[in-house]
Participant: 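Handing you a structure now.
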Amino acid sequence: MPKAIGFYSAAKMSPATTEQPPPLSSDRVVQLRIRRQDGPGQAARWEEFAVPRRPNMNIISCLQYIAAHPTTVDGKSTTPVVYDSGCLEEVCGACTMVINGRVRQSCSALVDKLATGKAITLEPMGKFPLIRDLFVDRSRLFNDLKRVKAWVPIDGTYDLGPGPPISQKLQQERYPLSRCISCGCCLEACPQYTPVNQFVGAAVISQVRLFNDHPTGAALKEDRLDTLMEEGGVGDCGKAGNCVQVCPKEIPLLESIATVQRQATVYTIKQFFVR
């Protein structure tokens with residue numbers, strides 16, 4: 001489990017002021033309703049905050065304001081909301097949370113498109129272990145990427161010269177797959193991916209396709225397919241299609257799943273006749 005101390009500190013970079021922010025009219029504030037939980041196994045609660053509205057503000061900017069002014073709408077002092085974030089450019093995938101019932105990146109979630117006269121609801125992802133508030137532990141996703149050997153096996157200790165040529169057609173097929181930011185949106189939306197099973201999910205399967213289709217990465221293709229034919233592998237996908245609907249990078253995840261299933265079937269048939 002990653003240490004949460006860095007994120008607690010990040011939430012407190014700006015010392016929380018003890019002064020009450022000036023009252024604002026209802027048309028100049030953003031109401032946020034946030035699900036809070038002090039830690040695993042602790043009781044959950046809801047707290048509401050009012051944040052001054054600014055043009056083009058996103059959810060992260062609202063959470064930054066709350067960190068500096070941790071006071072609820074009823075005037076109660078509370079702790080800064082704990083969340084995870086990094087690049088703020090929809091690249092790192094760290095700030096994933098459930099916003100108004102839909103999993104998405106909070107850095108690209110613009111308040112002007114979310115606020116419809118009601119409070120914006122923020123909740124942590126439910127498929128990963130909760131650490132605190134909106135911050136969850138996504139270690140399972142990264143461990144599954146290691147499990148399927150999602151990398152190109154090269155020795156980087158010396159100059160290997162130019163890499164193998166890749167056709168323009170293959171580049172165009174692989175590039176959308178390389179845009180995955182391991183945010184976990186597809187896993188949160190997937191009905192087959194649960195905290196109590198071993199299913200690797202669409203993101204991992206798509207990365208298997210990415211590296212299987214690489215001339216050098218294909219050296220580990222059989223190892224990857226062996227892993228994906230075990231429990232929790234590609235056969236556990238139910239083709240719900242929710243993953244495609246929520247992917248922030250519009251990766252063709254169902255196409256990847258079908259491709260890897262085809263690869264696994266061909267590999268299995270070959271193994272049968274080799275025996």
Side-chain angles (χ1 to χ4, degrees), residues 1-88 92-138 183-185 188 195:
M1 179 182 295
K3 295 181 179 179
I5 186 171
F7 301 102
Y8 292 118
S9 300
K12 299 180 180 179
M13 287 174 60
S14 300
T17 177
T18 57
E19 298 180 0
Q20 296 291 335
L24 297 169
S25 60
S26 59
D27 62 334
R28 296 181 58 192
V29 300
V30 179
Q31 296 279 348
L32 284 93
R33 185 169 180 262
I34 304 177
R35 187 177 186 273
R36 307 287 309 271
Q37 192 168 338
D38 293 336
Q42 301 294 313
R45 67 186 186 279
W46 290 92
E47 290 182 351
E48 292 195 27
F49 300 87
V51 177
R53 183 188 289 268
R54 299 193 306 275
N56 301 318
M57 67 188 306
N58 59 8
I59 293 298
I60 292 294
S61 63
C62 293
L63 291 172
Q64 290 173 335
Y65 178 87
I66 293 172
H69 307 88
T71 305
T72 63
V73 291
D74 55 5
K76 177 184 176 183
S77 294
T78 185
T79 56
V81 178
V82 178
Y83 62 95
D84 194 359
S85 67
C87 68
L88 304 183
C92 71
C95 66
T96 312
M97 61 185 68
V98 179
I99 303 174
N100 285 350
R102 180 184 175 90
V103 64
R104 59 182 302 171
Q105 299 290 282
S106 52
C107 64
S108 58
L110 299 181
V111 167
D112 290 340
K113 295 183 178 181
L114 293 169
T116 57
K118 298 180 180 179
I120 299 173
T121 302
L122 305 183
E123 301 174 78
M125 289 192 288
K127 300 296 182 70
F128 298 95
L130 178 75
I131 295 179
R132 183 171 177 178
D133 293 341
L134 303 174
F135 181 29
V136 298
D137 178 10
R138 293 181 296 141
C183 61
C185 284
E188 177 69 15

Participant: To check you understand the geometry: which heavy-atom pair defines the closest contact between Ala50 and Val29, and what is its length?
Facilitator: CB-CB, 4.5 Å

Participant: Are the side chains of Arg28 and Pro52 in touch, meaning some heavy atoms are under 4.5 Å apart?
Facilitator: no

Participant: With heavy-atom distances below 4.5 Å as the criterion, would you say the side chains of Ile120 and Ile34 are in contact?
Facilitator: no

Participant: Rounded to the nearest 0.5 Å, how far does OG1 of Thr121 lie from CZ of Arg33?
Facilitator: 5.5 Å

Participant: Could you report the tightest heavy-atom contact between Gly86 and Ala94, atom names first, then the distance?
Facilitator: N-CB, 4.3 Å

Participant: Heavy atoms only: give me the nearest Ala44-Arg35 pair and the separation to one decimal.
Facilitator: CB-NH2, 3.5 Å

Participant: Using every non-hydrogen atom in the two residues, find where Arg53 and Asp112 come nearest and quote the distance to one decimal.
Facilitator: NH1-OD1, 3.1 Å

Participant: Report yes if the side chains of Leu114 and Ile59 come closer than 4.5 Å at any heavy-atom pair, otherwise no.
Facilitator: yes

Participant: Verify, without hydrogens or angle tests, whether Gln37 (side chain) and Gly39 (backbone) share a donor-acceptor contact under 3.5 angstrom.
Facilitator: yes

Participant: What I'd like to find out is whether the side chain of Val81 reaches to under 4.5 Å of the side chain of Leu134, using heavy atoms alone.
Facilitator: yes

Participant: Measuring from Thr96:OG1 to Phe128:CZ, what's the distance to the nearest 0.5 Å?
Facilitator: 8.5 Å

Participant: If I take atom SG from residue Cys95 and atom CG from residue Leu88, how far apart are they, to the nearest 0.5 angstrom?
Facilitator: 7.0 Å

Participant: Given salt bridge (Lys or Arg N to Asp or Glu O under 4.0 Å), test Arg45 with Asp38 step by step and report yes or no.
Facilitator: CA-CA 9 Å; Arg45 67 186 186 279; Asp38 293 336; 3.2 Å; yes

Participant: Could you check Lys127 against Glu188 for salt bridge (Lys or Arg N to Asp or Glu O under 4.0 Å), going step by step and ending with a plain yes or no?
Facilitator: CA-CA 6 Å; Lys127 300 296 182 70; Glu188 177 69 15; 5.5 Å; no

Participant: Who are the side-chain hydrogen bond (donor to acceptor under 3.5 Å, both in side chains) partners of Asp74, not counting sequence neighbours?
Facilitator: Thr72

Participant: Any side-chain heavy-atom pair from Arg36 and Thr78 closer than 4.5 angstrom?
Facilitator: yes

Participant: Please assess Ile99 against Ser106 for the test side-chain contact (heavy atoms from CB on, under 4.5 Å), listing each intermediate value before the final yes or no.
Facilitator: CA-CA 8 Å; Ile99 303 174; Ser106 52; 4.0 Å; yes

Participant: Is the backbone N or O of Pro129 less than 3.5 Å from a side-chain atom of Asp137, with the two atoms forming a donor-acceptor pair by type?
Facilitator: no

Participant: To the nearest 0.5 Å, what is the distance between CZ on Arg54 and OG on Ser61?
Facilitator: 5.0 Å

Participant: What I'd like to find out is whether the side chain of Val30 reaches to under 4.5 Å of the side chain of Phe49, using heavy atoms alone.
Facilitator: no

Participant: Per the side-chain contact (heavy atoms from CB on, under 4.5 Å) rule, which among Val98, Asp133, Val103 passes with Glu123?
Facilitator: Val98

Participant: If we only count heavy atoms from C-beta on, is the Pro80 to Ile66 side-chain gap below 4.5 Å?
Facilitator: no

Participant: Any sub-3.5 Å donor-acceptor pair from Asp84's side-chain atoms to Phe135's backbone N or O?
Facilitator: no

Participant: Taking Gln31 for the side chain and Glu48 for the main chain, is one N or O donor matched with an acceptor at less than 3.5 Å?
Facilitator: no

Participant: Write down the atom of Gln105, the atom of Cys185, and the distance for their closest heavy-atom approach.
Facilitator: NE2-SG, 4.0 Å

Participant: Given side chains that start at C-beta, do those of Met97 and Arg104 come closer than 4.5 Å, heavy atoms only?
Facilitator: no

Participant: To the nearest 0.5 Å, how far apart are CG in Asn58 and CD in Gln64?
Facilitator: 7.5 Å

Participant: Show your reasoning for whether side-chain contact (heavy atoms from CB on, under 4.5 Å) applies to Gln42 and Leu130.
Facilitator: CA-CA 10 Å; Gln42 301 294 313; Leu130 178 75; over 6 Å; no

Participant: In Å and rounded to the nearest 0.5 Å, what is the SG to CD1 distance from Cys107 to Ile60?
Facilitator: 6.5 Å

